[in-house]
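Everything quoted here is computed from the prediction, not taken from an experiment. Below, chain A is the first sequence line, B the second, and so on; all start at residue 1. FYI, side chains are in, hydrogens and waters are out, and symmetry mates aren't considered; it's all heavy atoms of this structure.
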There are 2 protein chains.
Amino acid sequence: MAASPGAGAAVPDSPSRREQILGVAAQLFARHGFHGVSIADLGAAVGVSGPALYRHFPGKEALLAEMLIRISEHLLAGGQERAAASDDPREMLAALIDFQVDFALREPELIVVQDRDLANLPPEPRRRVRLLQRTYVEIWVDVLRRINPDLTAEAARIAAHGAFGLLNSTPHSRTRAGTAEVAALLHRMAWTALTNLTPAESRKA
Amino acid sequence: MAASPGAGAAVPDSPSRREQILGVAAQLFARHGFHGVSIADLGAAVGVSGPALYRHFPGKEALLAEMLIRISEHLLAGGQERAAASDDPREMLAALIDFQVDFALREPELIVVQDRDLANLPPEPRRRVRLLQRTYVEIWVDVLRRINPDLTAEAARIAAHGAFGLLNSTPHSRTRAGTAEVAALLHRMAWTALTNLTPAESRKA
DNA sequence: GCGATTGGTTAATGATCCCTAACACATGGG
DNA sequence: CCCATGTGTTAGGGATCATTAACCAATCGC
């Protein structure tokens with residue numbers, strides 16, 4: 001009955017179904033919130049019904065956990081990669097902004113779910129996600145402090161969170177404008193904000 | 001039995017209880033989400049138990065509705081006031097940023113609830129809140145376009161949402177730093193981002 | 001060809017939750 | 001003095017939901 005060929009085979013956990021469930025769940029969670037989507041809703045949205053999901057995930061919370069852990073792992077890996085690609089902290093910052101804005105434009109639902117439904121995670125995966133997020137933030141903090149050595153760690157952290165809020169605003173402005181222009185605008189805003197954190201000096205390049 | 005004097009009187013709807021409920025509900029909703037807080041939890045948090053809340057609100061959704069409508073009305077009123085206080089669009093923008101950052105620092109729970117639980121509102125109050133929010137955004141859009149006439153309305157809207165994301169990042173950076181320094185930093189970031197939206201010119205004052 | 005595994009079904013269970021009902025009690029105006 | 005009103009209580013109903021149970025079809029390794 002499955003639409004995709006080979007989906008019903010006896011291969012250990014058909015990967016496409018899992019991905020499909022995770023993708024549809026992200027969209028539904030983003031729209032209605034974790035508690036606003038029932039297992040039955042989720043099953044119906046992928047074309048199966050209700051308890052079939054337990055063949056792929058041990059429970060609803062485990063599904064959310066995998067989703068959020070994937071997101072933060074993806075962001076951390078991308079951040080580390082961008083940060084290692086250059087020695088110039090300004091180039092690193094530009095690459096980090098590019099990476100974040102691309103993600104925010106490509107996957108706005110994941111942005112929404114990640115910070116809205118983190119609280120609905122069981123303690124253990126929540127700690128995991130928090131650690132990954134903190135590590136990702138530290139990449140930004142280090143770059144910002146290399147660009148501006150006068151910056152305290154705490155100020156850099158606040159600035160980084162502010163930049164995330166700015167770049168992750170994509171879900172709030174449903175636009176049909178070309179994503180390239182939106183990306184350029186958000187990149188520019190983040191860049192000017194983050195490279196002028198202190199009143200006057202610390203600019204020469 | 002009530003702790004506050006005069007709280008049990010036959011005065012039409014003791015106002016303190018309502019305010020207390022709304023305040024506690026904001027904190028609980030911010031931490032656990034609308035669906036993550038039961039009527040019993042909410043009652044226990046204010047010292048009464050369960051169904052007593054129905055003496056003050058017709059239902060759980062109505063409580064959320066009043067909360068969100070209050071927030072967006074407060075923001076809109078404040079924005080209109082700031083925008084009317086000057087003729088210079090740059091002064092207006094500075095006043096708007098001040099207002100928003102003050103609110104975001106003073107009431108981070110309301111910031112969280114407003115954009116997280118809007119989807120849990122019944123259709124009618126949701127439309128109301130959306131309209132109020134849109135009107136508030138338009139204030140910012142007008143100011144931004146007066147500062148930079150080259151800006152399209154859509155670009156200005158994206159920039160405004162980005163600025164909100166930046167300024168409303170306060171719940172994400174739990175800081176014990178002085179709020180004055182945080183406010184100054186966020187203000188500066190928003191200001192530099194919003195006054196450099198286009199590549200080169202359009203600056204002279 | 002066959003049997004174990006994978007992925008699906010419907011029915012049932014136990015918990016939780018919003019809300020209503022029925023009742024209690026203090027207070028303040030007439 | 002008394003009754004109407006505001007505010008609280010506990011008990012229960014009806015709905016929803018996550019999860020488990022029991023069962024079934026198809027497929028791949030052998």
Side-chain angles (χ1 to χ4, degrees), chain A residues 1-25 28-29 31-67 117 119-123 125, chain B residues 1-22 24-25 28-29 31-67 117 119-122 125:
Chain A
M1 188 188 287
S4 60
V11 45
D13 217 356
S14 154
S16 60
R17 260 287 194 247
R18 275 182 68 90
E19 299 311 307
Q20 185 195 10
I21 292 170
L22 282 168
V24 170
L28 291 182
F29 289 169
R31 190 180 304 276
H32 303 106
F34 179 71
H35 289 293
V37 179
S38 73
I39 290 286
D41 294 337
L42 192 41
V46 304
V48 302
S49 249
L53 303 183
Y54 289 87
R55 300 295 173 186
H56 303 277
F57 298 93
K60 201 188 177 191
E61 287 180 334
L63 195 157
L64 180 67
E66 174 155 347
M67 190 162 96
D117 288 318
N120 297 122
L121 229 46
Chain B
M1 188 184 290
S4 58
V11 45
D13 217 354
S14 155
S16 62
R17 261 290 195 245
R18 275 182 69 90
E19 300 311 308
Q20 185 194 11
I21 292 170
L22 283 168
V24 169
L28 291 182
F29 288 170
R31 190 178 304 274
H32 303 107
F34 179 70
H35 289 294
V37 178
S38 72
I39 290 286
D41 294 337
L42 192 40
V46 304
V48 302
S49 247
L53 303 184
Y54 289 89
R55 300 296 175 187
H56 304 275
F57 297 93
K60 200 188 176 191
E61 287 181 335
L63 195 158
L64 180 68
E66 174 155 345
M67 192 162 96
D117 288 318
N120 296 121
L121 231 45

Rounding to a whole Å, what distance do you find between L64(B):CG and dC18(C):C1'?
15 Å

Distance from L63(B) atom CG to F57(B) atom CZ, nearest 0.5 Å?
4.5 Å

Between P of dC17(C) and CZ of F34(B), the distance in whole Å
13 Å

Using 0.5 Å steps for rounding, measure from the CG atom of L42(A) to the OG atom of S49(A).
11.0 Å

Distance (rounded to the nearest 0.5 Å) between H35(B) NE2 and D117(B) CG
7.5 Å

Specify the separation, in whole Å, of atom CG of L53(A) and atom C1' of dT9(C).
13 Å

State the dot-bracket string of DNA chain C. Criteria: Watson-Crick or G-U wobble, both atom distances under 3.5 angstrom; notation: ( ) intrastrand, [ ] crossing earlier pairs, | interstrand, . unpaired.
||||||||||||||||||||||||||||||

Are any protein N/O atoms closer than 3.5 Å to N/O atoms in nucleotides 19-21 of chain C? If there are, list each pair with its distance.
from    : atom 1 : to     : atom 2 : distance (Å)
dC19(C) : OP2    : Y54(B) : OH     : 2.6
dC19(C) : OP2    : K60(B) : N      : 3.0
dC19(C) : O5'    : Y54(B) : OH     : 3.2

V24(A) versus A45(A), closest heavy-atom pair with distance:
CG1-CB, 3.4 Å

Output for pair (F29(A) CZ, K60(A) NZ), nearest 0.5 Å, gives 5.5 Å

What's the CZ-P distance between F57(B) and dC18(C), to the nearest Å?
15 Å

Whole-Å distance separating the NE2 atom of H35(A) from the P atom of dC18(C):
11 Å

Which distance, rounded to the nearest 0.5 Å, do you find between the CD1 of I21(B) and the CZ of R55(B)?
12.0 Å

Can you measure from CG (L121(A)) to CE (M67(A)) and round to the nearest 0.5 angstrom?
9.5 Å

Contact nearer the 5' end of DNA chain D, comparing S38(A) with A52(B):
A52(B)

May I have the distance from H56(A) (atom NE2) to dT19(D) (atom P), rounded to whole angstrom?
15 Å

Rounded to the nearest Å, what distance is computed from the CZ atom of residue R17(B) to the P atom of nucleotide dT5(D)?
22 Å

Please confirm whether the backbone N or O of H56(B) pairs with a side-chain atom of R17(B), one donor and one acceptor, at under 3.5 Å?
no

For E61(A), check salt bridge (Lys or Arg N to Asp or Glu O under 4.0 Å) against everything at least two apart and list the hits.
none

